[in-house]
Number of protein chains: 2
Amino acid sequence: MIDKQSPIPIYHQLEEYVKHLIENGILKPDEAIPSEREYAEQYQISRMTVRQALNNLVSDGYLYRQKGRGTFVNKQKVEQKLQGLTSFTEDMKERGMEPSSRLISFEIIPAEQQLARKLGIKENTPIYEIKRVRLADNVPMALETTYLPANLVKGLTDEIINKSLYQYIEEKLALTISEATQQIEASIAKEIEVKHLQVEQGSPVLLIVRTSFLQDGTPFELVKSAYRADRYKFVHTMQRATK
Amino acid sequence: MIDKQSPIPIYHQLEEYVKHLIENGILKPDEAIPSEREYAEQYQISRMTVRQALNNLVSDGYLYRQKGRGTFVNKQKVEQKLQGLTSFTEDMKERGMEPSSRLISFEIIPAEQQLARKLGIKENTPIYEIKRVRLADNVPMALETTYLPANLVKGLTDEIINKSLYQYIEEKLALTISEATQQIEASIAKEIEVKHLQVEQGSPVLLIVRTSFLQDGTPFELVKSAYRADRYKFVHTMQRATK
DNA sequence: CACATAAACTGGTATAGACATCTAGATTTA
DNA sequence: TAAATCTAGATGTCTATACCAGTTTATGTG
């Protein structure tokens, strides 16, 4: 199991071995693993070397320690999943629904001041504005408006939009979205939302404004969505920063 | 600088000291810090202890190492910040407002079915229920209800609640919250919210339900908050998972 | 001056041992 | 029986040392 002659560091070998046991369910969640001294004894290695291996697994979230008790296996992270940064399409599929779209409008307009600022471009720079009703299992779920700087995303057609905009962006344009910020607020459906979402006047809606950034930090798109509050909850998971 | 008699571990003292130098710009990005052997010599501590301190700073992103060259200061991450996992108090301070609370009720009740399930306890297990109006700059911002299993958090008094619940939990009880999931939805203010948030009937509110987990995955608290939609937007940042 | 080589650094890996602190269970004591 | 105490074993901290493997710099040598 542990080869002291190998050029691969011992701590790394042990690390991979224990990780393997966890990922294959041989060590179960909340089960105590052998103590540091046991590992050291069994493989005839130093306890500090064992600690180096286990510490790495702790910081990777595979294990947790309890002083005086032992070291235990963590529950398999439900999902490393895309921490919320998903497209509508991905999001709905995740929820077991069938996503679709209905294009309302698609045009090139000059960016008004606020929009220009958020997209990091000059005022009146041409941008695409795409308005769509987003459906899940053929029921209106959200009214979505996407803004894209025209210079970054050239040659957009309504055909592309109807297929997969994100796929086009990632594969054809070779642009990678690495980060996004979202603002989420509650509001009352405006007239256009009442109409397209088929809700009563005075109904609540969840407004989500997302700005996405490329790897170099360039703002890339801005999406404003109004979700039917009776059909959609925004769900996400967060980790606490290790102070 | 380093006090060997202190009950605070030496590596932690050194860690805090170097972190301080970085955060205050005394050590600049890409600047090499003293070598491990220099630190060891200067403070008369073992090199392994120095390594423990520096390793922590490396995994926290403050430093990076280059074999044979040295250890260097990382560019300050645009945001180290608590990725959204903040208390109301922290959140409001971040926004430049002065947080405060008004206790509405504080009692021990048996957990009803749904609550029990979400907290991973048996039905009718005693739990604390704490209802508070949360204020920012003395204006009602949210109505918040916190549920805590009584067996996990013993000896809670309204005095503690009025100071800092989280501080009490982390410092006195030595419990660390590592993860949380949130559900965010839009709704219309209910009667109790109309009353305490001082809004009109029919006003929209942002409902946030957060479940927090300890390091071992035990559900620890459930917080239901209703925010005034006209005063509060939920903001967060996400990274795209590296597939 | 140009170039190879050696020396003097750097961080990376590993050892063996010591003592501290915390936990859980066994044992003793009131 | 119940409470207090002890103890074995777990992780946490720390030391002193050794050697390895890269990188840089000084030192010679042609």
Side-chain angles (χ1 to χ4, degrees), chain A residues 1-18 27 30-59 62-74 242, chain B residues 1-18 27 30-74 151-152 154 171-176 214-216 218:
Chain A
M1 210 63 59
I2 300 291
D3 177 6
K4 290 205 190 189
Q5 308 315 317
S6 163
I8 298 166
I10 296 174
Y11 76 89
H12 192 259
Q13 294 180 44
L14 180 57
E15 199 181 322
E16 289 300 314
Y17 171 61
V18 175
L27 289 172
D30 294 323
E31 186 176 335
I33 68 170
S35 75
E36 296 173 354
R37 286 183 169 86
E38 279 179 64
Y39 274 124
E41 170 69 19
Q42 179 176 358
Y43 298 113
Q44 287 297 297
I45 55 181
S46 165
R47 193 186 142 212
M48 289 305 279
T49 303
V50 176
R51 276 185 73 77
Q52 190 170 359
L54 300 190
N55 277 337
N56 288 343
L57 292 173
V58 168
S59 44
Y62 285 93
L63 300 173
Y64 63 93
R65 323 184 85 132
Q66 278 183 24
K67 191 176 183 174
R69 301 222 315 131
T71 306
F72 307 86
V73 177
N74 244 330
T242 52
Chain B
M1 211 62 62
I2 300 291
D3 177 7
K4 290 204 189 187
Q5 307 315 319
S6 164
I8 298 166
I10 295 173
Y11 76 90
H12 193 259
Q13 293 180 45
L14 180 57
E15 198 181 323
E16 290 299 315
Y17 172 60
V18 175
L27 290 171
D30 294 323
E31 185 176 338
I33 68 170
S35 74
E36 297 173 353
R37 287 174 175 86
E38 278 180 64
Y39 274 124
E41 171 68 19
Q42 179 175 358
Y43 299 114
Q44 287 297 298
I45 55 180
S46 167
R47 190 184 146 213
M48 290 305 279
T49 304
V50 175
R51 275 185 72 77
Q52 190 171 358
L54 300 189
N55 277 336
N56 288 342
L57 292 173
V58 167
S59 46
D60 284 355
Y62 285 93
L63 300 172
Y64 63 93
R65 323 182 88 132
Q66 279 182 27
K67 193 178 185 174
R69 302 224 313 130
T71 305
F72 307 86
V73 177
N74 244 327
N151 64 323
L152 280 178
K154 288 165 191 151
E171 293 177 8
K172 290 290 188 292
L173 302 178
L175 297 175
T176 306
L214 301 178
Q215 284 172 318
D216 62 356
T218 312

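So you know, we letter chains A, B, ... as the sequences are listed, proteins then strands, and number each from 1.
Note: CD (Q5(A)) to P (dT13(C)) measures 17 Å, nearest angstrom. In this structure, NZ of K4(B) is placed 16 Å from P of dC19(C), rounded to the nearest angstrom. Atom-to-atom, NE2 of H12(A) to C1' of dA14(C) comes out at 16 Å; the value is rounded to the nearest Å. The NZ atom of K67(A) sits 12 Å away from the C1' atom of dC19(C) (whole-angstrom rounding). Atom C1' of nucleotide dG12(C) and atom OH of Y64(B) are separated by 18 Å, given to the nearest angstrom.
A donor-acceptor pair is defined here as one N or O able to donate and one able to accept, closer than 3.5 Å; no such pair exists between the side chain of D60(B) and the backbone of Y62(B). Between the E15(A) side chain and the N56(A) main chain, no donor and acceptor come within less than 3.5 Å of each other. Here the side chain of Q13(B) pairs a donor or acceptor atom with the backbone of I8(B) at under 3.5 angstrom.
When side chains are defined from C-beta on, Q66(B) counts as touching F72(B), because their heavy atoms get closer than 4.5 Å. The closest side-chain heavy-atom distance from E38(B) to V50(B) is not below 4.5 Å.
Within the structure, the side-chain hydrogen bond (donor to acceptor under 3.5 Å, both in side chains) test picks out the following pairs touching residues 42-54 of chain B (sequence neighbours left out): E36(B)-R47(B), E36(B)-R51(B).
Nearer to the 5' terminus of DNA chain C, by closest-nucleotide assignment, is the contact made by S35(B) (compared with the other of I10(A) and S35(B)). Two residues, T71(B) and P9(A), neighbour DNA chain C, and the one matched to the more 5' nucleotide by heavy-atom proximity is T71(B).
For the residue pair Y11(B) and A53(B), the shortest heavy atom distance occurs at O-CB, 3.2 Å. Across all their heavy atoms, V73(B) and L63(B) have their closest contact at CA-CD2, 4.0 Å.
A sub-4.0 Å separation between OP1 or OP2 of dT10(C) and a side-chain N or O of R65(B) is absent.
Contacts of residues 41-56 of chain B with DNA chain C (heavy atom under 4.0 Å): R47(B), M48(B), R51(B).
Backbone-only contact: E38(A) has heavy atoms under 4.0 Å from sugar-phosphate atoms and none from a base.
With a cutoff of under 4.0 Å to any heavy atom of chain B, the contacted region of DNA chain D is bounded 5' to 3' by dT13(D) to dT24(D).
Y64(A) pairs in a side-chain hydrogen bond (donor to acceptor under 3.5 Å, both in side chains) with only one of the listed residues (N74(A), D30(A), T71(A)), which is D30(A).
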